[in-house]
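Please read the structure below before turning to the comments.
Computed over heavy atoms, backbone and side chain alike; hydrogens, waters and symmetry mates excluded. Residue numbers count from 1 along this sequence. All figures in this text were calculated on a predicted structure; none of them were measured in a lab. Atoms within a ligand are numbered from 1 in the order they appear, just like the ligands themselves.
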Amino acid sequence: MRITAAVSWPGLPEPRLEQLEQEEPRAGEMRVRIVAVGICHTDLHEHPGRHSPQPIVLGHEGAGVVEAVGAGVRGFAVGDHVILSGSSCGTCPSCLAGRPTYCDLAMPLSFGGKRLDGSTALSCDDGAIHSHFFGQSSFATHAIVPERTAVKVDKDVPLELLAPLGCGVITGAGAVIEALKVKAGDSIVVLGVGGVGLSAVMAARLVGAKHIVAVDLNRARLDLALELGATEAIAADTPDLAQAIRAVTGRGVTFSFNTTTVPAVHTVALECLAMNGTAGFVAAPRGEWAPAMFPMLAGGRQLRGILGGDANPRTFLPMLIAYWRQGRFPFDRLITPYTFDEIGRAFRDCEAGTVIKPVLKVSDL
Ligand SMILES: [Zn+2]
Ligand SMILES: [Zn+2]
């Protein structure tokens, strides 16, 4: 059927809205009418064609309504409201252990731009357009998604609020709750308080962390972090930042959570740790960087990569929604709404950091 989608072509400064032809869902897939989709930094990074082939429809924070189900889909019916999260195979050891973000096939399923059999769901008059980005390609009025990509949600929660849960919010909140397992009384510093970092701050408050230190260059973001649960805010350009963080507890923090790619911040994330502390990170340092190994040895400290918050979206997202209903996890505070045809402006605002979480409203409910 004919759909409208935002296509990333080589050389284009931003995705361009176009009419495309979309296949019907194959076995195990569903067609989801997208109501809203968040923009994540991974979309910005992939738009120029970094890991994924082009032309491609990006978008991996979709939320919408199931419109058609393919053969063999058991868990969903037409009319269900769904959040789309990552894609995974469902049968590898990581998937069986409930850790789908570490699926053996995560890279081809997320960035391959096609199904594992090499087919894509989209085409234009000139040929195939790559699809299935994170199992979604949800910068579109409709997405063909594998059943495992979707999480069913209650119909009374607005889908335009739920869109960012599938990547940015689960990445930050999952890191604190599932990966680092921060507990009441613990101390954590969050380095970089954008959408992922602020989700981590809210989660740290949720679990009762005693010290939640927010670090950023952006003063407005530090103020929002304080509103959302940070107990201390430190400007990232503070001289001897690691020492300033260590001074909050007098002996360093038990956890650091680094959302940045800045090599110097990765260094701070280790230097600010107390004995037996863990430095979690969600993005690799850009450029050359090597950790100082002796302090890691002498302090029993760890460096821990975290993808998708280590979380299983099927169980974790309904829990976050329950906390949101209780007023304890106000992730909607992060959202700035845009219309679908404002995608270019939303990309630029996201890149410039003037908004935290842009969400495109694609269709009415
Ligand atoms: Zn993302
Ligand atoms: Zn798997």
Side-chain angles (χ1 to χ4, degrees), residues 6 8 15 28 34 36-48 50-52 56-63 83-113 115-117 132-139 143 145-151 162-175 179 192 194-200 257-261 281-284 305-317 320 331 334-335 343 346-347 350-351 353 355-360:
S8 292
I34 301 297
V37 54
I39 296 174
C40 167
H41 278 270
T42 303
D43 297 308
L44 305 185
H45 293 154
E46 285 307 312
H47 172 70
R50 212 155 286 184
H51 299 97
S52 297
I56 188 168
V57 175
L58 301 171
H60 64 289
E61 288 185 352
I83 304 176
L84 306 179
S85 198
S87 193
S88 55
C89 77
T91 57
C92 75
S94 296
C95 284
L96 292 176
R99 294 279 180 249
T101 57
Y102 305 112
C103 174
D104 286 354
L105 297 176
M107 285 307 285
L109 285 171
S110 299
F111 294 101
R115 299 184 184 92
L116 291 177
D117 69 3
H132 286 74
F133 183 65
F134 281 79
Q136 308 185 24
S137 290
S138 46
F139 288 154
V145 304
E147 181 176 7
R148 279 184 62 79
T149 298
V151 178
L162 297 179
L165 287 183
C167 179
V169 175
I170 199 172
T171 294
V196 172
L198 289 169
S199 298
F257 180 58
N258 182 6
T259 69
T260 81
T261 60
F281 66 101
V282 296
I306 306 167
L307 272 188
D310 268 23
N312 184 345
R314 288 269 168 94
T315 51
F316 198 76
L317 293 183
L320 290 185
F331 65 90
L334 312 182
I335 292 173
I343 185 169
F347 259 55
C350 190
E351 183 88 67
V355 296
I356 292 167
K357 175 53 71 179
V359 173
L360 308 172

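Glu46 pairs with exactly one of His60, His51, His41 by the side-chain hydrogen bond (donor to acceptor under 3.5 Å, both in side chains) rule, that one being His51.
Inclusion of His41 in the first shell of the Zn ion (ligand 1) is not supported: no N, O or S atom falls under 2.8 Å.
Within the 4.5 Å cutoff, the side chain of Pro313 has no heavy atoms near those of the Ile83 side chain.
Annotation for Ala311 and Thr101: closest pair O-CG2, 4.0 Å, computed over non-hydrogen atoms.
In this structure, Phe111 has its ring center under 6.0 Å from that of Phe134.
At the Zn ion (ligand 1), the vertex angle linking SG of Cys167 with SG of Cys40 is 130° (nearest 10 degrees).
Between the Zn ion (ligand 1) and the N, O or S atoms of His60, the shortest distance is to NE2.
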